[in-house]
Amino acid sequence: MQRTLITSAIPYINGIKHLGNLIGSQLPADLYARYARARGHEVMFICATDEHGTPAELAAKKAGKPVAEYCAEMWQVQKDLADGFRLSFDHFGRSSSPQNHKLTQHFAGKLDEAGLIEERSSKQVYSNADGRFLPDRYVEGTCPNCGYERARGDQCENCTKQLEPTDLIDPRSAISGSTDLEVRSTKHLFLKQSQLKDRLDAWIDSQDGWPVLTTSIAKKWLHDGDGLQDRGITRDLDWGIPVMRGDEPWPGMEGKVFYVWFDAPIEYIAGTAEWADANGGDWERWWRKDKGAEDVRYVQFMGKDNVPFHTLGFPATLLGSGEPWKTVDYLKAFNYLNYDGGQFSTSQGRGVFMDQALEILPSDYWRWWLLSHAPENQDTEFTWEAFQTDVNKDLADVLGNFVSRVTKFCRSKFGEAVPEGGDWGAAETALIDTLTTRIRAYERHMDAIEIRKAAAELRAIWVAGNEYLQEAAPWATFKTDPEQAAAQIRLALNLIRLYAVLSRPFIPDAAAAMLAGMQTEDDAWPDDVDAAVRVLAPGHAFTVPDVLFAKIDDATRQGWAERFAGGRRE
RNA sequence: GGCGGUGUAGCUCAGUUGGUUAGAGCAGCGGAAUCAUAAUCCGCGUGUCCGGGGUUCAAGUCCCUGCACCGCCA
């Protein structure tokens with residue numbers, strides 16, 4: 001049995017994600033996971049929340065809660081939304097889990113053993129009023145270059161000049177506004193990625209068929225300027241994974257935690273360990289090549305902004321450890337989804353967020369539109385007009401109406417059971433040939449994770465059913481040859497089951513409703529299409545399903561467009 | 001500023017290693033059908049493939065250059 005490990009980039013704990021985030025990793029990962037399962041793969045699909053770092057601390061403070069409590073609550077919120085979108089994770093973990101603490105500390109220890117960790121001193125701004133070190137971006141002040149008064153310590157947003165916090169004039173804490181700041185010396189651990197440059201380069205070269213978007217980003221970071229830079233992997237914060245060398249204390253690092261970007265990808269592994277602890281499974285056979293993971297195919301999904309960390313940062317951790325960890329085999333990166341002529345904006349509340357989306361429509365509408373327009377090759381535009389016409393046409397008219405016309409016609413002429421009698425002829429053979437060709441193409445596109453092409457093929461498969469009905473015209477043949485009409489409608493009823501199986505990765509709820517209507521649990525993949533359209537035998541009872549997809553009318557669409565134009569209130 | 005990406009039909013997008021009259025869906029126009037969520041099916045595209053050079057027997061597809069938009073810069 002083919003084994004497939006799938007991870008989606010883990011969403012940050014701070015707040016509800018918008019549809020652009022959803023289509024950038026979690027949703028396509030779910031599509032692939034569902035497809036792989038349908039094809040009989042053994043699948044492990046892992047996602048989690050990314051919980052550490054200063055933004056989480058500040059969000060908790062704003063909410064007036066301890067950070068651990070805040071994260072626990074927000075994890076539940078994100079978990080519920082993931083369920084609402086039918087994201088079929090085998091486990092939705094937390095980067096703050098004990099399993100991740102242990103693994104992150106383990107990796108740090110191994111990297112140190114390999115001579116890849118170096119302690120370095122640096123100067124950093126300390127805020128006496130806040131009682132903490134301030135990350136560069138949380139120091140504000142006047143830009144020495146352009147005089148902008150709200151420049152951040154890493155960069156001036158006004159003139160884009162790269163800055164050091166100590167460059168700022170009249171610096172203050174962005175957290176409290178306090179000007180009681182001082183520069184203190186502090187020690188941090190650095191991962192000497194520069195020493196791994198050639199190994200990473202060779203590793204990337206050895207990958208077959210990676211998307212251009214992926215390799216070009218990775219290569220740029222490897223070769224641009226001075227090449228791959230060493231990276232600080234610790235921070236002076238309270239909230240995070242305490243710095244330890246495996247199980248041992250790390251002298252000089254007391255009170256410090258690992259940087260969120262170091263521990264976050266390790267959560268892919270730790271999340272699998274969380275799954276194993278909860279379900280009694282074995283996580284190492286997914287991740288350790290010496291313990292059974294040699295035959296695993298590992299596929300990652302992420303937005304393009306995440307590519308450097310997955311092609312270089314995380315592999316540096318895995319390869320540098322000197323242990324036989326499973327590394328990614330195929331990495332699928334996405335561009336951005338824009339919203340009605342601009343960007344989705346979390347800060348401005350512009351666009352549709354996951355909770356709002358589920359409030360106004362069932363998840364299948366969103367899943368279908370987003371996946372069939374996935375920003376695979378370039379940024380893609382979401383407009384309400386396009387969403388309305390596409391969803392109405394594809395889901396309500398082409399697919400939903402097909403189910404209606406077939407089941408209702410049968411009910412009125414033959415009753416609610418698959419009719420018997422009659423024979424199939426040239427038209428039926430031609431349809432089965434067409435479907436076979438298209439289903440094989442659909443499989444190729446899904447195997448290659450070419451999502452838009454797969455969606456287009458699936459739609460064409462739906463259309464083929466309508467074409468057949470139009471040509472066969474059972475409503476006409478019924479008048480002259482009821483037996484032939486019975487044979488025709490028998491095939492059409494079987495198409496509903498077939499469509500449910502094929503469509504389930506995209507629209508799981510509608511697919512379930514279709515199978516329920518056909519009163520069958522046979523969801524076998526149609527390796528043999530001719531056999532697949534004979535599963536529902538004469539006499540098999542069915543029910544007419546409710547309308548699968550209600551249409552979106554113009555007034556409703558306009559209302560949504562106005563409601564989501566901006567200014568979401570938290 | 002540096003780097004990267006994008007620019008193809010009214011709209012959203014496909015166009016493999018350069019090779020027959022540049023494609024799909026939607027929208028639009030015309031027709032057929034009437035089982036169905038006024039839902040379906042068929043037919044219809046003379047598009048400076050952003051502009052300008054160049055390589056080639058042949059370029060949307062390669063090279064140079066200009067323009068526009070977008071992103072990234074740890």
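So you know, we letter chains A, B, ... as the sequences are listed, proteins then strands, and number each from 1.
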Exercise for the section: Show your reasoning for whether side chain to side chain contact (heavy atoms under 4.5 Å, CB included) applies to A:F409 and A:W475. Expected result: CA-CA 8 Å; A:F409 178 80; A:W475 50 89; 3.6 Å; yes
Can you tell me, in whole Å, how much space there is between the [atom1] of [N] and that of [M]?
N	M	atom1	value
B:G19	B:G60	P	10 Å
B:A36	B:U48	P	44 Å
B:U46	B:G7	P	23 Å
B:C11	B:G1	C1'	36 Å
B:U21	B:A58	C1'	15 Å
B:U40	B:G47	P	29 Å
B:A9	B:U55	P	28 Å
B:A14	B:U8	P	10 Å

Taking [atom1] from [X] and [atom2] from [N], how many angstroms apart are they, rounded to a whole number?
X	N	atom1	atom2	result
A:Y468	B:C35	OH	C1'	13 Å
A:F262	B:A74	CZ	C1'	17 Å
A:N335	B:G71	CG	C1'	9 Å
A:N306	B:A74	CG	C1'	13 Å
A:W462	B:G25	CH2	P	15 Å
A:D553	B:A38	CG	P	13 Å
A:Q470	B:G43	CD	P	13 Å
A:N338	B:C69	CG	C1'	11 Å

- Is A:K408 near enough to B:A39 that one of its side-chain N or O atoms lies under 4.0 angstrom from OP1 or OP2?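 So the side-chain polar atoms of A:K408 never come under 4.0 Å of the phosphate oxygens OP1 or OP2 of B:A39.
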With both distances kept under 3.5 Å, what pairs with [N], Watson-Crick or G-U wobble?
N	answer
B:A39	none
B:G18	none
B:U48	none
B:A74	none
B:U12	B:A24
B:C69	B:G5
B:A59	none

Side chains of residues 489-496 of chain A: which donor-acceptor partners sit under 3.5 Å, not counting sequence neighbours?
unit_1 : atom_1 : unit_2 : atom_2 : d
A:R490 : NH1    : A:P419 : O      : 3.0
A:R490 : NH1    : A:G421 : O      : 2.8
A:R490 : NH2    : A:G421 : O      : 3.4
A:N494 : OD1    : A:V535 : N      : 3.3
A:N494 : OD1    : A:L536 : N      : 2.8
A:N494 : ND2    : A:R490 : O      : 3.0
A:N494 : ND2    : A:V533 : O      : 3.3
A:N494 : ND2    : A:L536 : O      : 3.1

Per-nt protein contacts along nucleotides 12-17 of chain B (heavy atom under 4.0 Å; B base, S backbone sugar-phosphate only, - none) come out as SSSS--
message: Could you check whether A:E376 pairs with A:K332 (Lys NZ or Arg NE/NH1/NH2 to Asp/Glu carboxylate O, under 4.0 Å)?
response: yes
Look at all strands and tell whether [X] reaches a base, only sugar-phosphate, or nothing, counting heavy atoms closer than 4.0 Å.
X	answer
A:F549	base
A:L548	base
A:S404	base
A:V463	sugar-phosphate

* To do: Indicate, yes or no, whether a donor-acceptor pair under 3.5 Å links the base of B:A36 to the side chain of A:N401.
  => yes
Should A:V352 and A:Y339 be marked as a side chain to side chain contact (heavy atoms under 4.5 Å, CB included) after you check the CA-CA gap, both sets of side-chain angles, and the distance that decides it? CA-CA 8 Å; A:V352 186; A:Y339 180 80; 4.0 Å; yes
Expected list for residues 504-514 of chain A: side-chain donor-acceptor pairs under 3.5 angstrom, two or more places apart:
unit_1 : atom_1 : unit_2 : atom_2 : d
A:R504 : NH2    : A:D523 : OD2    : 2.6
A:D509 : OD1    : A:R86  : NE     : 2.8
A:D509 : OD2    : A:R86  : NE     : 3.0
A:D509 : OD2    : A:R86  : NH2    : 3.3

Under the criterion ring-ring contact (aromatic ring centres under 6.0 Å, His included), I'd like the reasoning laid out for A:W462 against A:F402: C-alpha separation, chi angles, the key distance, then a yes or no.
CA-CA 8 Å; A:W462 298 339; A:F402 177 79; over 10 Å; no
| Would you say the ring centroid of A:F414 lies under 6.0 angstrom from that of A:F478? |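 Between A:F414 and A:F478, the centre distance is under 6.0 Å.
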Is the gap between the ring centers of A:W369 and A:W384 under 6.0 Å?
no
Within the 3.5 Å criterion, strictly below it, is a donor on A:S404 or A:N401 matched to an acceptor on the partner's side chain?
no
**OP:** Quick one: do A:F353 and A:F564 satisfy ring-ring contact (aromatic ring centres under 6.0 Å, His included)? Show the steps, please.
**Re:** CA-CA 9 Å; A:F353 290 72; A:F564 297 109; 8.7 Å; no
Of A:Y259 and A:A473, the one whose nearest nucleotide on RNA chain B sits closer to the 5' end is A:A473
task = Determine, answering yes or no, if A:W475 is stacked on B:C35 under the 5.5 Å centre rule and the 30° plane rule.
result = yes
Review point. From B:C35, B:C26, B:U37, pick the nucleotide closest to the side chain of A:A396?
Key: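 That would be B:U37.
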